[in-house]
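Notes follow the structure.
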Amino acid sequence: MADESIQVKLPDGSPVETPRGSSAADIAAGIGPGLARAALAAVVNGETVDLARPVPGDSEVRILTSRDDDALPVLRHSAAHVLATAVRELRPNAGIGFGPPVEDGFYYDFEVDEPFTPADLEAFEARMRDIVAADHPFERRRVSKEEGRELFSDDPLKLERLEELEDDEVITVYRDGPFLDLCRGPHVPSTGGVKHFKLLSTAGAYWRGDENRQMLQRIYGTAFFTRKALDEHLERLDEARRRDHRVLGRELDLFSIQEEVGSGLVLWHPNGGLVRHTVEEFLKTTMLEHGYELVYSPHVAREELYRISGHLEVFSEDMFPPMADEGHRFRLKPMNCPHHFMIYRSSSRSYRDLPLRYAELGTCYRYERTGTLHGMLRVRSFTQDDAHIFVREDQISDEYHRLLDLVAYLLDVFGYEFEVALSTRPEKAIGDPRVYDAAVGTLAAVLEERGQEYEVDEGGGAFYGPKVDILLVDALGRKWQGPTFQLDFLMPERFGLDYVGSDNQRHNVVVIHRTMLGSMERFIGGLVEHYAGAFPVWLAPEQVRVLPVSEVWSESARELVDLLRAKGVRARLSDQDTLGYRIREAEVKKVPYMGVVGKREAEAGTVAVRRRGAGKKQVVMEREAFARQVAEDIRTRARW
């Protein structure tokens, strides 16, 4: 009889005996009717599966309900299939690509003759509601490759994917109502579980991400278990659109990207230039205060440099083509590190010289594909806040403490919360694994000594060393890739970077690749969205706009501008058009302070101050006191 039953271990450790061949749904029903009704999928021995799948022998089983984070990707995968069902019903000739869940929703790619329109999305959404109401079960079936060829004989996209599968690989298809798809699953039990969804947008997408293949039409959507969660997400998306740095960049005249210059090449306008200048000057001053030395390197170098570093071997597709001169081939630099290594190598170093910290705001160039470019967040020319720290192995721990102190300070100034991840040794790591793992242990010990919570990204380190990644959390709760501190044991060997130790022997240094803010383009684009364009006073390109009530008081207003500028305040006089129009314009431009000067203010030597976000409220202040207040906001880098 023992062969007719299996032992299942539940999350609380309790064992359950169940007949062999039982599904996860059977196990849920055995636990209780409430769980059976709420169950959506299951995690069996670490793999998320359909409820209907038989449990393979003695196993660990966790039933997923709408309360489990692991269940949301399952719901969204099923929503993608409901979308594909609707598209196929309304567009029978549409080719079917891939439809996976993604972080905030799902997408599906279709091959059609014409791009989808907003009216198409409305029609698809309406048809999806009908499919949900029909409550078709999601039915999984294993098929042979030959059977798969027959099932998808009219769908070349699926046939291409099918031919990539190994002959002995498990091939499964899923059916919901009239729609059949080549799919690994898992799915919720039926289409009726996909109640709260929204189609969001369409975009072109190359098949398999290959720009040499046909362009498909991608539909993005999202789904949640409750209407409340869906509505909250849609509101966040609306707020994100209002904060879009591309829109605000145009409205605030910060930057532009123009076709005549080239895709992915940012032109910084005076307002954006002032923001960037302020960030860079603050950063350079901070670096000098923390023991860094500023260096500069050229924008091009001979290919031989990137051959030594390995970039030419593994990164050439992301580099611009070579330029030839007198028999030598040159490349626009994709990274600053090889140049910094050459500076280190230019002199003999002693153990007493270490650590050495070289910092540069260096411009790099990468040939990003056109379809991946995105405003200032993904560009082809960018100025990287870069540093390379040369240390002995016994200095790694102390240096990482310094780096984490510094990043906490910098991100606090800019108003970001952050999360930390530690990336460990990948399978393709080179060198002695004991050295790599010891370095991981050192970094973990640093984080634990500080009481810093962190996620472990297993196998996420580079092939030459582990790293600590910092994720910025912005005002909308979105996470952005931020600072990164990468240990490197390989480049010192490639470049012969060593030092003379206390034993008079030569030893390889360890390099820490360190970026605090990343590229100026991406960081400032992110700041625009984080602040919704309303920069703190110290960062604002225009800090005070002075508004005379009429031109009669322009001279008095000009004196106030001069006083403010003398104290280092970026102030501007605006005396054309009506006062109401000028106030609205200053509000649209998100200027932190307005100073209104009329008859009483001119005669009394005062100013009526309007502060951004305070509505029509005005406070009359002595001019000198107002200038000191603004200067203090700038000096202390006040958050507002």
Side-chain angles (χ1 to χ4, degrees), residues 248-256 267-282 285 413 524 527-528 531-640:
L248 290 171
R250 182 171 58 254
E251 293 176 354
L252 302 178
D253 197 22
L254 299 175
F255 76 98
S256 64
L267 295 171
W268 293 84
H269 294 201
N271 284 345
L274 273 174
V275 175
R276 173 172 167 171
H277 168 78
T278 305
V279 171
E280 289 185 348
E281 288 304 300
F282 165 61
T285 298
V413 167
I524 292 174
L527 277 184
V528 172
Y531 294 129
F535 292 106
V537 180
W538 73 281
L539 279 174
E542 181 183 352
Q543 294 159 332
V544 179
R545 184 168 295 189
V546 179
L547 311 170
V549 173
S550 71
E551 290 188 29
V552 175
W553 316 114
S554 289
E555 186 57 37
S556 179
R558 192 170 289 108
E559 291 173 359
L560 175 57
V561 170
D562 291 341
L563 172 63
L564 290 164
R565 288 178 175 173
K567 293 189 179 295
V569 176
R570 295 191 282 267
R572 184 168 79 82
L573 176 68
S574 175
D575 59 358
Q576 302 298 310
D577 225 311
T578 67
L579 178 62
Y581 174 85
R582 286 178 282 141
I583 288 174
R584 286 193 298 275
E585 183 187 41
E587 289 173 342
V588 168
K589 296 298 184 183
K590 305 182 187 293
V591 180
Y593 283 110
M594 284 180 269
V596 180
V597 177
K599 181 175 184 295
R600 283 178 300 178
E601 290 79 19
E603 292 176 349
T606 58
V607 57
V609 176
R610 287 187 175 216
R611 178 169 160 162
R612 183 180 61 207
K616 296 181 178 180
K617 180 180 178 181
Q618 292 188 164
V619 177
V620 177
M621 299 181 66
E622 295 291 333
R623 294 186 179 189
E624 183 67 34
F626 173 55
R628 287 198 304 269
Q629 176 179 309
V630 179
E632 184 66 7
D633 285 344
I634 296 168
R635 186 190 69 80
T636 60
R637 302 185 185 90
R639 289 282 186 83
W640 81 274

Looking at residues at least two apart in the chain, or sitting in another chain, which of them share a ring-ring contact (aromatic ring centres under 6.0 Å, His included) with Phe626?
-> Tyr593
List for me each residue that meets ring-ring contact (aromatic ring centres under 6.0 Å, His included) alongside Phe282, sequence neighbours excluded, and say none if there are none.
-> Phe414, Trp538
For residues 557-565, dump all side-chain donor-acceptor pairs below 3.5 Å to protein atoms at least two apart in sequence or in another chain.
{"unit_1": "Arg558", "atom_1": "NH1", "unit_2": "Glu555", "atom_2": "OE1", "d": "3.1"}
{"unit_1": "Arg565", "atom_1": "NE", "unit_2": "Ala571", "atom_2": "O", "d": "3.0"}
{"unit_1": "Arg565", "atom_1": "NH2", "unit_2": "Ala571", "atom_2": "O", "d": "2.9"}

What pairs with [X] under side-chain hydrogen bond (donor to acceptor under 3.5 Å, both in side chains), at least two apart in sequence or on another chain?
X	value
Gln618	Arg610
Arg639	Asp412
Arg582	none
His269	Asp253, Ser256

Provide the closest heavy-atom pair for [X] versus [Y] in the form atom of the first, atom of the second, distance.
X	Y	value
Ser574	Glu585	OG-OE1, 4.5 Å
Val591	Arg612	O-CB, 3.6 Å
Gly273	Trp268	N-CE3, 4.2 Å
Leu252	Val588	CD2-O, 3.8 Å

Counterpart residues, salt bridge (Lys or Arg N to Asp or Glu O under 4.0 Å), relative to [X] (two or more places apart):
X	value
Glu542	Arg545, Arg572
Glu632	Arg635
Glu551	none

Rounded distance (nearest 0.5 Å) linking atom NE2 of His277 with atom CG of Leu539 | 11.5 Å
Has the side chain of Lys589 got a donor or acceptor atom that lies under 3.5 Å from a matching backbone atom of Glu251?
-> yes
Side-chain (Arg570) to main-chain (Pro541) donor-acceptor, under 3.5 angstrom | yes
Counterpart residues, side-chain contact (heavy atoms from CB on, under 4.5 Å), relative to Glu280 (two or more places apart) = Arg276, Leu361, Thr383, Met520
Do [X] and [Y] come within less than 4.5 Å of each other through their side chains, counting heavy atoms only?
X	Y	result
Val537	Val630	yes
Pro592	Trp640	yes
Pro548	Leu573	yes

Of the options Leu248, Ile524, Leu274, Asn271, which is the one that meets Leu254 in a side-chain contact (heavy atoms from CB on, under 4.5 Å)?
-> Asn271
Derivation and outcome, side chain to side chain donor-acceptor pair (under 3.5 Å), residues Arg623 and Ser556 = CA-CA 11 Å; Arg623 294 186 179 189; Ser556 179; 2.7 Å; yes
Run the side chain to side chain contact (heavy atoms under 4.5 Å, CB included) check on Ile583 and Met594 step by step: do they pass?
-> CA-CA 8 Å; Ile583 288 174; Met594 284 180 269; 4.0 Å; yes
For residues 541-572, the ring-ring contact (aromatic ring centres under 6.0 Å, His included) pairs (sequence neighbours left out) are none
